[in-house]
Amino acid sequence: MGRIVTTVAALALLWLVYATHMAGQAVAAVALLVLGGSALWVYAASRSLAWKYLYPGVVGMLVFVAFPLLYTVQIGFTNYSSNHLLTEDRARAYLLDQHGFDETRLHAFTLHAGDRVQLTGPDGARWVATLGGDGALQPAAADQGPALSMREVISRRDALMALQPRLPDGTVLAYAGLREFGVKTPDWRAAPGGALQESATGTVYAPNRESGYFTGPDGQTLQPGFTVGIGFANYQRMLLDSDFRGPFVSIFVWTVMFSALTVLFATVIGMALAVALEWPALKGRAVYRTLLFLPYAVPGFISILVFKGLFNQNFGEINAILDALFGVRPAWFADPTLARTMLLIVNTWLGYPYIMILCTGLLKSVPSDLYEASALAGASPWVNFSKITAPLIIKPLTPLLISAFAFNFNNFVLISLLTDGRPDYLNTKLPAGTTDILVSYTYRIAFTDAGANFGLAAAISTLIFGMVALMALVQLRLTRAGSAK
């Protein structure tokens, strides 16, 4: 029975691979063959029980982690963008498919009962075809009856577009609109060497595999372009293009400062609250812990949107209080320094409960006899904290702080919902905001108002991945060193 199931599965896999290949997806067909074949080997032929459990995880890692990563890295070496979405062959096929209609050979048509289409040529000759038929034309009778309304014509548009009437001389007509059929005239013809020749003028546009465009003798290019490899051009642009490097360096420095200051402020506040809540004489500690943990329990996007309203310059409660006390109404969203300050305030509010909970758990592991000995020596609370508490919890806390730094390094949600990266830098080639961090800057380059430059965005994403991977290695090293001690 097992062999029968394996044989059927193998045949189904081969059919699926063949169908994928015939659909023009050769790489996908090879990947499907490798994954499917290895799955059959693991579950049908292999005697290793461990691999039967490990295989889904390994495949998942390859498909959902390794492949997107490698694909992103590969895009970073291309000019892939909104102007270069297609391959060269697909761009050529798209242009060859463009056509117009010979204005001198348009045939007006009317639709009549029984799905009969009456065409009237430029010379007044009338012909009749039937929707869904083979397109053969018959001379029209004297009266076809009243023409159907435009609503009826629109409702049968798909059938009209599929109809290809043939004139007696063999000319095939095509649907040209809600009132006419006509003779298609291609805008472009294929030329030797993969070039395109304009039908109207005879101008030849050759494929330029450096710029990714079909380019004419005068340098004029055709849209759409096509994707080509450009080597390290995107990375060179980050380093060598002064107009791009200025905002990029500023955003990079702000990203590091934003992540570091958020972790610093959240750690100071979270650790201080955790130590204070460990004070035995404090009544209602459970209630305080619950209230102080609420910012972490509430969904982050809700808190961010609430703060966005609180910081509103004209109607926000924060400016109302500041105006009543000091007579000032800061422009939180218009001034770069105030906008960055606002981001740090909100992110610290969102992050300190996490640090507080971590420190609370770590404080439970500090031996109480150390504090008893310190009390006998007459040490102050600050001495207890600086000489006992902080040294004992900072080592196990360090890897977690590095992970918090890496998280804030890519904290796209906060930037997107609170400031959207604004206010923007002025006079830049690509839109860049003073509160953008690298991940939000990459998003703007790839998907918003920067021309959908996916290649450049992929290069920046690769750089971000390298930095986060380095942080992860440091975290693992510190974790391993801490566990060894």
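Just so it is clear, the structure is predicted and the values come from calculations on it, not from any experiment.
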Next item on the list: Just say parallel, tilted or perpendicular for the rings of Tyr443 and Phe447, cut-offs at 30° and 60°.
Entry: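 Tilted, since the angle between the ring planes falls between 30° and 60°.
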
Within a 6.0 Å radius of atom [atom1] on [X], are there more than 12 heavy atoms belonging to other residues, nucleotides or ligands?
X: Phe412; atom1: CZ; result: yes
X: Tyr235; atom1: OH; result: yes
X: Glu210; atom1: CD; result: no

Next item on the list: Output, in order, the C-alpha distance, side-chain angles, deciding distance and verdict of side-chain contact (heavy atoms from CB on, under 4.5 Å) for Tyr288 and Leu282.
Entry: CA-CA 10 Å; Tyr288 293 138; Leu282 182 64; 4.0 Å; yes

Note to self: With side-chain contact (heavy atoms from CB on, under 4.5 Å) as the test, pick out the partner of Leu414 among Thr435, Thr262, Ile304.
What the structure shows: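 Of the listed options, the one satisfying the test is Ile304.
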
So, does [X] use its side chain to make a donor-acceptor pair with the main chain of [Y] at under 3.5 Å?
X: Thr227; Y: His84; result: yes
X: Thr20; Y: Ala28; result: no
X: Asn79; Y: Val228; result: yes
X: Ser374; Y: Leu370; result: no
X: Ser386; Y: Trp382; result: yes
X: Asp97; Y: Ala93; result: no

Next item on the list: For residues Phe454 and Tyr80, establish whether the separation of their ring centroids is below 6.0 Å.
Entry: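 That pair passes the under 6.0 Å test.
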
Notebook entry, point to check: Are Tyr352 and Tyr296 near enough that their ring centres are under 6.0 Å apart?
Noted result: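 No, too far apart.
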
State, to 0.1 Å, how close [X] and [Y] come at their nearest heavy-atom pair, and which atoms those are.
X: Arg422; Y: Thr434; value: C-OG1, 4.3 Å
X: Asn411; Y: Val439; value: N-CG1, 4.3 Å
X: Ile251; Y: Ala432; value: CD1-CB, 3.9 Å

Next item on the list: Output the distance between atom OG1 (Thr215) and atom CD (Gln220), rounded to the nearest 0.5 Å.
Entry: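 Reported value, rounded in 0.5 Å steps: 10.0 Å.
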
Next item on the list: Would you give the length of the straight line joining atom CZ of Arg285 to atom OG1 of Thr360, rounded to the nearest 0.5 angstrom?
Entry: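 Reported to 0.5 Å precision, the distance equals 10.5 Å.
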
Next item on the list: Evaluate the criterion side-chain contact (heavy atoms from CB on, under 4.5 Å) for residue pair Trp254 and Ile437; output intermediate values, then yes/no.
Entry: CA-CA 7 Å; Trp254 160 240; Ile437 59 177; 3.9 Å; yes

Notebook entry, point to check: So Arg157 and Tyr175, side-chain contact (heavy atoms from CB on, under 4.5 Å) or not? Walk me through it.
Noted result: CA-CA 9 Å; Arg157 185 170 57 180; Tyr175 178 78; 3.6 Å; yes

Next item on the list: Using the ring pair (Phe, Tyr, Trp, His ring centres under 6.0 Å) rule, take Phe214 and Phe226 through it: C-alpha gap first, then chi angles, then the decisive distance, then the call.
Entry: CA-CA 9 Å; Phe214 289 96; Phe226 50 89; 5.3 Å; yes

